[in-house]
Visitor: 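My structure is below; once you've seen it, I'll send some questions.
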2 protein chains.
Amino acid sequence: MSRLTRDDIVVGAGRRFATYGYHGTSMRDLGEDLGILGSSIYSHIGGKQELLVAVVERGAAFFEEAASTVLAIEAPPEEQMRGLIAGHIGVLLDQRPEARTYLTQVDCLDKDEAERINKMRDEYEGAFYSTIVAGIDEGVFREDCDPRLAAIYVLSILNALERWYDEQGRLSRSEIVEDMYRFVIGALT
Amino acid sequence: MSRLTRDDIVVGAGRRFATYGYHGTSMRDLGEDLGILGSSIYSHIGGKQELLVAVVERGAAFFEEAASTVLAIEAPPEEQMRGLIAGHIGVLLDQRPEARTYLTQVDCLDKDEAERINKMRDEYEGAFYSTIVAGIDEGVFREDCDPRLAAIYVLSILNALERWYDEQGRLSRSEIVEDMYRFVIGALT
DNA sequence: GGTAGACAAACGAACGTTCGTTTGGTACGG
DNA sequence: CCGTACCAAACGAACGTTCGTTTGTCTACC
């Protein structure tokens with residue numbers, strides 16, 4: 001086992017925070033996971049809170065990158081929505097610890113950081129919102145639906161996946177993407 | 001200020017757990033909320049974990065009662081689904097601390113309790129599942145949808161409400177019920 | 001090419017604080 | 001006057017963090 005970098009620490013912290021929560025993780029626990037003492041972590045970072053910030057920021061970045069990749073390609077609203085759904089699920093399953101920590105541990109951040117992260121989350125939600133609005137404007141989505149709420153509903157379905165998805169389960173990732181896409185499009189049209 | 005009962009303690013614990021989480025709540029914090037010392041709580045309950053169990057059980061009971069009330073009335077699947085949605089939202093907003101604790105703090109329970117609670121949750125999910133299956137059988141819901149997943153999606157939308165609903169916001173409770181119902185029925189038909 | 005210096009990573013012990021919990025005493029309502 | 005809700009004090013353990021020191025590795029210079 002070679003020596004660790006700051007990134008190693010952040011990745012390990014993500015795993016712990018995702019499983020046991022911020023308050024449920026001690027620096028000694030984390031150290032044990034990494035094969036060093038809890039105190040040795042302070043060679044890499046300033047404190048526990050700073051660790052959480054780093055993990056949550058990584059999570060947010062993953063989602064934002066996925067969304068901007070999708071939005072960069074011109075496409076009809078339906079296809080854009082499929083891309084957003086697939087991208088979100090991809091991050092959720094490929095970057096599970098960071099994604100889960102980002103989704104569930106935000107209110108362990110102190111006030112300023114929490115506000116900043118929530119703004120990032122609002123921006124990300126905006127990608128879903130504008131896609132729905134575009135669909136309504138183009139007449140492919142129904143008009144009698146509040147796009148603000150619809151965006152929340154879609155993200156609610158997506159985010160909950162992290163709680164029930166089983167890697168060894170009967171459903172492949174693409175099957176889930178397809179099923180969720182069909183459900184969402186059914187609701188929007 | 002009169003003396004407290006065990007129920008007072010459990011209610012107070014629900015509020016704390018819902019806001020700060022199980023690990024983020026200390027017995028002294030809780031005591032301060034209740035106007036007594038943290039140690040005095042042990043006159044009413046055996047320990048912190050027992051408190052969490054009590055709160056979570058209350059939450060589960062609220063949901064179960066709401067569901068069984070709806071299922072007791074014979075009605076077409078669409079109306080039954082509306083009832084389940086309205087009932088779920090009612091519990092979520094009227095019993096917010098217990099509901100939130102039930103939804104977010106289950107994995108702070110030790111293994112046996114967690115298993116028991118998860119079984120109760122599966123049963124509750126079954127109410128949504130059977131309603132969807134009934135709708136498919138009667139031909140009012142579309143067939144090309146996995147009812148197991150659909151039930152999860154509906155509950156995902158409902159449960160997320162607890163995270164974004166603002167009592168002083170622009171939306172009344174019945175408006176939200178109506179909007180969610182329309183979204184769900186749109187997806188299922 | 002070998003050695004001395006620099007630097008970061010990790011240790012191990014201790015800091016003060018807070019945690020959940022226990023104990024023993026006190027006051028008050030039925 | 002009994003029972004219990006509560007207090008006051010204390011327990012040991014665990015917490016996040018700091019400290020001085022050791023270890024290992026890379027680099028610069030002879």
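These numbers come from the heavy atoms of this one structure, side chains and all, not from hydrogens, waters or symmetry mates. Each chain gets a letter, A, B and so on, in the order the sequences are listed, and its residues count up from 1.
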Visitor: For the side chain of B:Met27, counting heavy atoms from C-beta on, which of C:dG20, D:dG16, D:dT4 is nearest?
Guide: C:dG20
Visitor: Nearest of D:dG16, C:dT22, C:dC11 to any side-chain atom of A:Leu37?
Guide: C:dC11
Visitor: What is the distance, to the nearest angstrom, from the OH atom on A:Tyr42 to the P atom on C:dA10?
Guide: 15 Å
Visitor: Using a cut-off of 4.0 Å on non-hydrogen atoms, how would the nucleic acid contact of B:Gly47 be classed: base, sugar-phosphate, or nothing?
Guide: sugar-phosphate
Visitor: Please determine, for the side chain of A:Ile36, which listed nucleotide (D:dT17, C:dA9, C:dC11) has the closest atom?
Guide: C:dC11
Visitor: Give a yes/no on whether any side-chain N or O of B:Ser26 is located under 4.0 angstrom from OP1 or OP2 of C:dC19.
Guide: yes
Visitor: Please report, rounded to the nearest Å, how far the C1' atom of D:dC15 is from the OH atom of A:Tyr20.
Guide: 18 Å
Visitor: I'd like to know if B:Arg3 reaches the base of C:dG29 with its side chain such that a donor and an acceptor end up less than 3.5 angstrom apart.
Guide: no
Visitor: What's the closest nucleotide to the side chain of A:Ser43 if the choices are D:dC6, C:dA10, C:dC11?
Guide: C:dA10
Visitor: Between B:Tyr22 (OH) and C:dC19 (C1'), how many Å, whole number?
Guide: 11 Å
Visitor: In whole angstroms, how far is the P atom of D:dG16 from the CZ atom of A:Arg28?
Guide: 7 Å
Visitor: Take the protein atom CG of A:Asp29 and the nucleotide atom P of D:dA13, then report the distance between them rounded to whole Å.
Guide: 17 Å
Visitor: Closest approach to the side chain of B:Ser40, judged atom by atom: which nucleotide of D:dC7, D:dT17, C:dG20 is it?
Guide: D:dC7
Visitor: Please classify the nucleic acid contact of A:Thr5 as base, sugar-phosphate, or nothing, using heavy-atom distances under 4.0 Å.
Guide: nothing
Visitor: Grab the NE2-C1' distance between B:His44 and D:dT4 for me, whole Å please.
Guide: 9 Å
Visitor: In terms of side-chain geometry, is the basic nitrogen of A:Arg182 or B:Asp144 positioned less than 4.0 Å from the acidic oxygen of its partner?
Guide: yes
